[in-house]
2 protein chains.
Amino acid sequence: MQISSRFSVAVHVLSLLALQQEDDVLLTSERMAGSVNTNPVVIRRLLGQLKKAGLVEVRPASGGTFLTRQPAAISLLDVYRAVEVVGEGQLFSVHDKPLQACLVGRNIQSALDATLQRAQNALEQVLAGVTLQQVTTEIMSQENLKN
Amino acid sequence: MQISSRFSVAVHVLSLLALQQEDDVLLTSERMAGSVNTNPVVIRRLLGQLKKAGLVEVRPASGGTFLTRQPAAISLLDVYRAVEVVGEGQLFSVHDKPLQACLVGRNIQSALDATLQRAQNALEQVLAGVTLQQVTTEIMSQENLKN
DNA sequence: CTTGCTGTAACTATTGTGGTTACAGCTATA
DNA sequence: TATAGCTGTAACCACAATAGTTACAGCAAG
């Protein structure tokens, strides 16, 4: 199955935060929801996870959300982990309880484990190598291509 | 979300086929289901996909399944693709229809695309580098560790 | 004190997964 | 040629995750 769009939505939201101007209008969950094209509650749930991961600070009642770090100090892996699309080391699900009386059954899990772990790490290392800063830069450069 | 266990089950089944002895009893879907600890229909559905991908040959009514290639010529990426856990280039799902009137909204998809593609490729290349032969070798060596 | 926003619970529809029963169709073999 | 046994597949179920929605309590700032 596919990795939840929570991840891409989170990057979208963080990009909005990274690009927000000080003197700009307040970025409320409703505004962000408009840009993402979803429901404000979906955004608020997401912000809850990003907050829990220490990536953003949300002003409780008055509204407004801000990054706690520079965009260059936030990797996509941080985001990926924050939204918990996949638990640590669990990208692949492996069938449990294979027949222990069978040669293959009792060894398949450990035989596969190292490879699956490496595959997952390979994916995560790519995400670790890209920062929010790079994403917003890419957004601006995509924008320029259109002119 | 996690990648379906169809993948690990497929590797399990293919390992059984790779290790089967000529003069051994017939490997029916029921036998394989026993080793995997699931239902025979689940196995037959899976074999249908592996057959479609040209990895195995199934004898229709009399029973019995066989690899069409040497285990060394089957990579885990072949298996991964065969069971269609993830469509080509679609490991990450990205929210569609973001607000086009917004700078971030109209550029986020193309800004993320290359990175997500690279991440997925990284994962797949690890799988491409491991063959069924290596898996069965690992199974035997895990077995030996237990003695 | 009121306005407006966040935080969260609760419910829904949709989708993918994996298990199960049932049965048609075929093939090797007796 | 009859039959036993296996495959192929449809149909259904339970379960879990996702994403959208309504509703509302709580609170902070003006």
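Throughout, protein chains are lettered first and strands after them, A, B, ... in sequence-line order, and every chain is numbered starting at 1. All values reported here derive from a predicted model rather than from experimental measurement.
The distance between atom CZ of A:Arg59 and atom P of C:dG7, rounded to the nearest whole Å, is 12 Å. For the pair A:Glu57 CD and C:dG7 C1', the interatomic distance rounds to 16 Å; values are reported in whole Å. Distance CE (B:Met1) to P (D:dA19): 9 Å, rounded to an integer number of Å. Summarising the geometry, the separation between NE2 on A:His95 and C1' on C:dG19 is reported as 15 Å, rounded to the nearest angstrom. Rounding to whole angstrom units, CD of residue A:Glu30 and C1' of C:dG4 are separated by 10 Å. The distance between atom CZ of A:Phe7 and atom C1' of D:dA17, rounded to the nearest whole Å, is 18 Å. Here the C1' atom of nucleotide C:dG19 and the CE atom of B:Met32 are 18 Å apart, to the nearest Å. Between the CZ atom of B:Arg31 and the P atom of D:dC6 there is a distance of 8 Å, rounded to whole Å.
Aromatic ring pairs are classed by plane angle as parallel below 30°, tilted from 30° to 60° and perpendicular above 60°; the pair A:Phe92 and B:Phe7 is tilted.
Between A:Gln49 atom CD and A:Arg44 atom CZ the span is 15.0 Å, to the nearest 0.5 Å. We find the OH-CD1 distance between B:Tyr80 and B:Ile3 to be 4.0 Å, quoted to the nearest 0.5 Å.
Using modelled atom types and a 3.5 Å distance limit, the side chains of A:Ser35 and A:His12 yield a donor-acceptor pair.
The side chain of B:Thr28 places no N or O atom within less than 4.0 Å of a non-bridging phosphate oxygen (OP1 or OP2) of D:dT7. Under 4.0 angstrom from either OP1 or OP2 of D:dA19 there lies at least one side-chain N or O belonging to A:Ser5. The side chain of A:Ser29 places an N or O atom within less than 4.0 Å of a non-bridging phosphate oxygen (OP1 or OP2) of C:dT6. A sub-4.0 Å separation between OP1 or OP2 of C:dG7 and a side-chain N or O of A:Lys51 is present.
Qualifying side chain to side chain contact (heavy atoms under 4.5 Å, CB included) partners for B:Ala72, counting only residues two or more places apart in sequence or in other chains: B:Gln133.
Listed by residue number, B:Val41, B:Arg44, B:Arg45 are the residues of residues 34-49 of chain B with a heavy-atom contact under 4.0 Å to DNA chain D.
Closest approach of A:Gln90 and B:Gln2 over heavy atoms only: O-OE1, 2.7 Å.
When side chains are defined from C-beta on, A:Met32 counts as touching A:Leu47, because their heavy atoms get closer than 4.5 Å.
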